[in-house]
2 protein chains.
Amino acid sequence: MLARVRASGLKLTPQRLAIARELAGDPAHPTAQELFERLRPAMPTMSFATVYNTLDALAAARLCVSLSLSPGAARFDANMAPHNHAVCDRCGLVRDVPSCTNGEPLAEIAPCVNAAATGFSLRAVERIYRGVCASCAADVPTSGRSRAGKPR
Amino acid sequence: MLARVRASGLKLTPQRLAIARELAGDPAHPTAQELFERLRPAMPTMSFATVYNTLDALAAARLCVSLSLSPGAARFDANMAPHNHAVCDRCGLVRDVPSCTNGEPLAEIAPCVNAAATGFSLRAVERIYRGVCASCAADVPTSGRSRAGKPR
DNA sequence: TGGATACGTAGAATTTTTCTCAGGAGCAAG
DNA sequence: CTTGCTCCTGAGAAAAATTCTACGTATCCA
């Protein structure tokens with residue numbers, strides 16, 4: 001992994017190492033804010049901008065991706081294997097879901113996309129499973145107070 | 001349509017009407033900012049907060065949805081029929097794509113999601129087609145300067 | 001028409017993200 | 001070793017996106 005960081009022309013700094021490790025060890029897709037708060041005790045001098053800079057650098061090196069699945073802060077994912085995401089409508093929690101129903105190769109889907117968006121060059125298909133996570137379903141199971149205007 | 005607005009317990013105001021009409025007439029999924037700028041000439045007294053309030057109200061009434069498909073401002077979609085979205089990695093443009101490969105009923109997918117996220121109550125599956133739109137492919141076709149860290 | 005309620009306006013406040021600039025550290029060549 | 005170059009960090013400010021608050025007003029239903 002260190003090799004992969006350096007192979008990308010990135011310098012290996014303590015901040016990058018800490019952020020990469022924290023991200024790789026957390027399947028819950030933390031936000032930049034969460035990463036910053038978790039790492040601050042260990043690296044009190046690190047600034048917030050460094051978290052963003054580092055995440056951008058890691059993303060450019062294809063070591064993580066940023067996810068904009070729900071309103072609010074972006075979440076970051078160090079899992080670079082193809083997979084999908086389950087997103088809770090209420091709390092915004094994101095869980096990885098393996099691509100278990102994956103059958104269609106891109107080449108099959110592309111014509112369909114191009115019929116609607118002429119000239120669109122398809123790179124990837126992403127699936128988002130919308131719903132309510134177990135812990136949100138447990139709290140206030142009635143009342144339907146889900147946030148309005150959620151992405152479909 | 002007016003009936004649908006009122007049926008949702010919403011009052012029909014000129015601002016809501018203008019925003020709903022603008023949204024329904026634009027397949028390009030405008031942002032709140034774009035809506036505000038387009039409507040300001042016609043309604044110079046309208047404030048930015050009104051755009052957000054109105055979009056929230058429309059979304060709560062299931063007359064539109066907000067889309068968080070890429071970093072930056074949320075985009076809004078008045079097309080409430082089931083469909084998917086093609087998103088340009090470079091310019092963020094969003095195009096509707098009919099659900100042409102839709103085969104799997106939710107009940108079939110749910111077990112797969114639950115295997116990864118125990119207790120997740122699946123409501124909808126959304127597909128995002130990532131790629132580069134025709135006009136972005138035309139500009140700077142080489143150079144690979146796409147923004148780093150884009151969502152997968 | 002009239003009254004209750006919900007809405008719009010404006011500005012400020014919050015949150016999220018990016019930018020700028022001044023050091024500082026690592027690396028290559030001399 | 002040291003000089004020079006580049007890339008990185010830190011800090012704050014700035015920009016962008018969204019939400020909140022208060023008060024006057026418009027809208028709806030009867």
Side-chain angles (χ1 to χ4, degrees), chain A residues 2 5-20 29-37 39-40 42-61 63-76 92 147-151, chain B residues 2-20 22 29-37 39-40 42-61 63-76 91-92 147-151:
Chain A
L2 307 185
V5 173
R6 250 177 313 214
S8 319
L10 290 184
K11 291 186 183 170
L12 193 58
T13 66
Q15 291 83 355
R16 291 183 173 179
L17 195 56
I19 289 171
H29 308 83
T31 62
Q33 182 78 55
E34 287 164 355
L35 286 171
F36 177 62
E37 283 167 6
L39 293 174
R40 193 157 42 175
M43 316 192 67
T45 74
M46 187 171 63
S47 82
F48 204 79
T50 296
V51 177
Y52 275 104
N53 288 342
T54 299
L55 288 168
D56 279 354
L58 293 176
L63 295 169
C64 78
V65 286
S66 96
L67 304 173
S68 305
L69 302 177
S70 49
R75 292 174 174 275
F76 294 86
R147 271 165 69 190
K150 270 310 181 35
Chain B
L2 306 186
R4 287 205 302 169
V5 173
R6 250 179 312 218
S8 319
L10 290 184
K11 291 184 182 172
L12 194 57
T13 66
Q15 291 85 354
R16 289 182 175 180
L17 196 56
I19 289 172
E22 183 67 30
H29 306 85
T31 62
Q33 180 80 52
E34 287 164 356
L35 287 171
F36 177 62
E37 284 166 6
L39 294 174
R40 191 158 45 175
M43 315 192 68
T45 74
M46 186 171 64
S47 80
F48 203 81
T50 296
V51 177
Y52 275 105
N53 289 342
T54 298
L55 288 168
D56 279 355
L58 292 177
L63 294 170
C64 79
V65 286
S66 97
L67 303 173
S68 304
L69 301 177
S70 50
R75 292 171 174 276
F76 295 85
C91 67
R147 273 166 67 192
K150 272 304 181 42

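Throughout, a chain's letter reflects where its sequence line sits, starting with A, and its residues are numbered from 1.
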Report task. Let me see the working for Val51(A) and Leu39(A) under side-chain contact (heavy atoms from CB on, under 4.5 Å), right down to the final yes or no. Result -> CA-CA 10 Å; Val51(A) 177; Leu39(A) 293 174; 5.8 Å; no
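- Remark: the backbone N or O of Glu34(A) is not paired with any side-chain donor or acceptor of Glu37(A) at under 3.5 angstrom.
- Using a 4.0 Å heavy-atom criterion, one finds that Ala74(B) contacts the sugar-phosphate atoms exclusively.
- Closest approach to the Tyr52(B) side chain among dG10(D), dT19(D), dC7(C) is made by dT19(D) (side chain taken as heavy atoms from C-beta onward).
- One interatomic measurement links the two molecules: CD of Glu37(A) to C1' of dT15(C), which rounds to 13 Å at whole-angstrom precision.
- Of the two residues contacting DNA chain D, namely Ala32(B) and Pro14(B), the nearest-nucleotide position lying further toward the 5' end is that of Ala32(B).
- We find that CZ of Phe36(A) is positioned 14 Å from P of dT9(D), with the value rounded to whole Å.
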Query raised in the report: Checking side-chain contact (heavy atoms from CB on, under 4.5 Å) for the pair His29(B)/Leu69(B): CA distance, chi angles, key distance, verdict?
Result: CA-CA 11 Å; His29(B) 306 85; Leu69(B) 301 177; over 6 Å; no
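- At the heavy-atom level, Thr45(A) lies under 4.0 Å from the strands shown only through sugar-phosphate atoms.
- Following rounding to the nearest Å, Leu67(A) (CG) and dT16(C) (P) show an atom-to-atom distance of 16 Å.
- Atoms CE (Met46(B)) and P (dT25(D)) sit 20 Å apart, rounded to a whole Å.
- We find that CZ of Phe48(B) is positioned 14 Å from P of dA10(C), with the value rounded to whole Å.
- Of the candidate nucleotides dT9(D), dT17(C), dC19(C), dC19(C) has the atom lying nearest to any side-chain atom of Ala49(A).
- For Ser47(B), the side-chain atoms get nearest to dA10(C) when compared with the rest of dG8(C), dA10(C), dT27(D).
- Here Thr50(A) contributes atom OG1 and Arg16(A) contributes atom CZ; the two are 9.5 Å apart, rounded to the nearest 0.5 Å.
- In this structure, CG on Leu17(A) lies 11.0 Å from OG1 on Thr54(A), to the nearest 0.5 angstrom.
- To the nearest angstrom, P of dA16(D) lies 14 Å from CD of Glu34(B).
- Close to dT17(C), at under 4.0 Å from its OP1 or OP2, lies no side-chain N or O of Gln33(A).
- When each of Lys11(B) and Met43(B) is assigned the nucleotide of DNA chain C bearing its nearest heavy atom, the one mapping closer to the 5' terminus is Lys11(B).
- Phosphate contact (OP1/OP2 of dT27(D), side-chain N/O of Thr13(B), threshold under 4.0 Å): absent.
- Rounded to an integer number of Å, the gap from CG of Leu12(A) to P of dC27(C) is 10 Å.
- In this structure, Asn53(A) atom CG and dT17(C) atom P are separated by 13 Å, rounded to whole Å.
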